[in-house]
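Taking it in order: structure first as structure tokens, then the write-up.
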Amino acid sequence: SPDSDGGMTPELEKAGLLNKTKIAEGGRKLRKNWNLSWVVLVGNSLMFFKDPKTQSPEIWKPGNSCPESSVDLRGAKLNWANDLSSRKNVFKLRTVTGNEFLLQSETVSLISEWYTTIQKVIDKLDKD
Ligand code: I3S
């Protein structure tokens, strides 16, 4: 739907802190390295930022921060993945380019909301 700048700004769907690790790059397996990440779902993209607590606040002014990485959700696959970690409440996001991420929260309701919201975006993109 059109917004104040004529519809060019993608909609902010969700933002919050999740534990994240990348487990594959272009189909090649990577060594896990779990980190707390500020995750932002905007339009077709899931963006990962450094945990705001580990960096200076001015970097966090809106429009003045660059994501560490960004994932295009078009064609992506989402699956619960408790078999891929000793952690609970884990899901795996796989991009069309073969990048794979695990996302996790100690709070089941929180991770479930993320799962549902991301899946909705993927489903919407499938219909385009
Ligand atoms: O699936 P894995 O390989 O058992 O994952 C664990 C390891 O990657 C471990 O790192 P090192 O093997 O470099 O020590 C991590 O510290 C763990 O967090 C990984 O397992 P979890 O179950 O936390 O995803």
Side-chain angles (χ1 to χ4, degrees):
S1 56
D3 51 33
S4 54
D5 74 351
M8 296 306 289
T9 304
E11 193 180 345
L12 172 67
E13 308 270 1
K14 198 167 175 60
L17 286 171
L18 291 176
N19 295 309
K20 184 203 85 173
T21 183
K22 192 173 187 179
I23 58 165
E25 167 86 43
R28 211 184 101 249
K29 197 173 181 261
L30 298 175
R31 188 163 191 177
K32 275 182 187 164
N33 180 24
W34 285 103
N35 278 298
L36 193 59
S37 181
W38 179 251
V39 185
V40 180
L41 179 56
V42 183
N44 306 348
S45 297
L46 194 65
M47 296 186 290
F48 302 116
F49 296 82
K50 279 184 181 161
D51 173 7
K53 286 194 284 285
T54 69
Q55 59 179 38
S56 55
E58 58 269 24
I59 298 170
W60 277 91
K61 283 173 185 159
N64 187 26
S65 58
C66 181
E68 289 193 298
S69 60
S70 180
V71 170
D72 181 3
L73 292 175
R74 190 178 296 275
K77 295 274 186 287
L78 205 56
N79 291 101
W80 289 108
N82 291 312
D83 56 325
L84 295 183
S85 177
S86 61
R87 297 178 177 223
K88 60 183 179 179
N89 312 328
V90 180
F91 65 72
K92 183 176 81 174
L93 176 66
R94 186 187 193 282
T95 68
V96 284
T97 57
N99 294 340
E100 297 184 353
F101 301 87
L102 299 184
L103 294 171
Q104 187 262 347
S105 169
E106 290 305 305
T107 310
V108 64
S109 59
L110 200 149
I111 198 73
S112 298
E113 278 179 29
W114 273 101
Y115 188 97
T116 305
T117 308
I118 294 170
Q119 189 62 62
K120 273 184 195 157
V121 172
I122 293 171
D123 290 345
K124 192 178 69 190
L125 290 169
D126 278 347
K127 290 186 202 121
D128 288 352

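Counting convention: from 1, in listed order, for ligands and their atoms alike. Sequential numbering from 1 along the given sequence is applied to the chain's residues.
- Using modelled atom types and a 3.5 Å distance limit, the side chains of Ser109 and Thr107 yield no donor-acceptor pair.
- In summary, the aromatic rings of Phe48 and Trp38 are positioned with their centroids too far apart to meet the 6.0 Å limit.
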Which pairs of nitrogen or oxygen atoms, taken one from ligand 1 and one from the protein, are under 3.5 angstrom apart?
| residue | atom | partner | partner atom | Å |
| --- | --- | --- | --- | --- |
| ligand 1 | 1 (O) | Lys32 | NZ | 2.7 |
| ligand 1 | 5 (O) | Lys32 | NZ | 3.3 |
| ligand 1 | 13 (O) | Arg31 | NE | 2.7 |
| ligand 1 | 13 (O) | Arg31 | NH2 | 2.8 |
| ligand 1 | 22 (O) | Ser85 | OG | 3.3 |
| ligand 1 | 22 (O) | Ser86 | N | 2.7 |
| ligand 1 | 22 (O) | Ser86 | OG | 2.5 |
| ligand 1 | 23 (O) | Trp34 | NE1 | 3.3 |
| ligand 1 | 24 (O) | Lys32 | NZ | 2.7 |
| ligand 1 | 24 (O) | Trp34 | NE1 | 2.9 |
| ligand 1 | 24 (O) | Ser85 | OG | 2.7 |

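- Clustering ILVMFWY residues whenever any of their side-chain heavy atoms sit less than 4.5 angstrom apart, transitively, puts Val96 in a cluster other than the one holding Leu41.
- Side chain of Asn89 to backbone of Ile111: no donor-acceptor contact under 3.5 angstrom is found.
- Between Lys22 and Ser69 the shortest side-chain heavy-atom distance does not fall below 4.5 Å.
- Grouping the Ile, Leu, Val, Met, Phe, Trp and Tyr side chains by contacts below 4.5 angstrom, directly or via other members, places Ile118 with Trp80.
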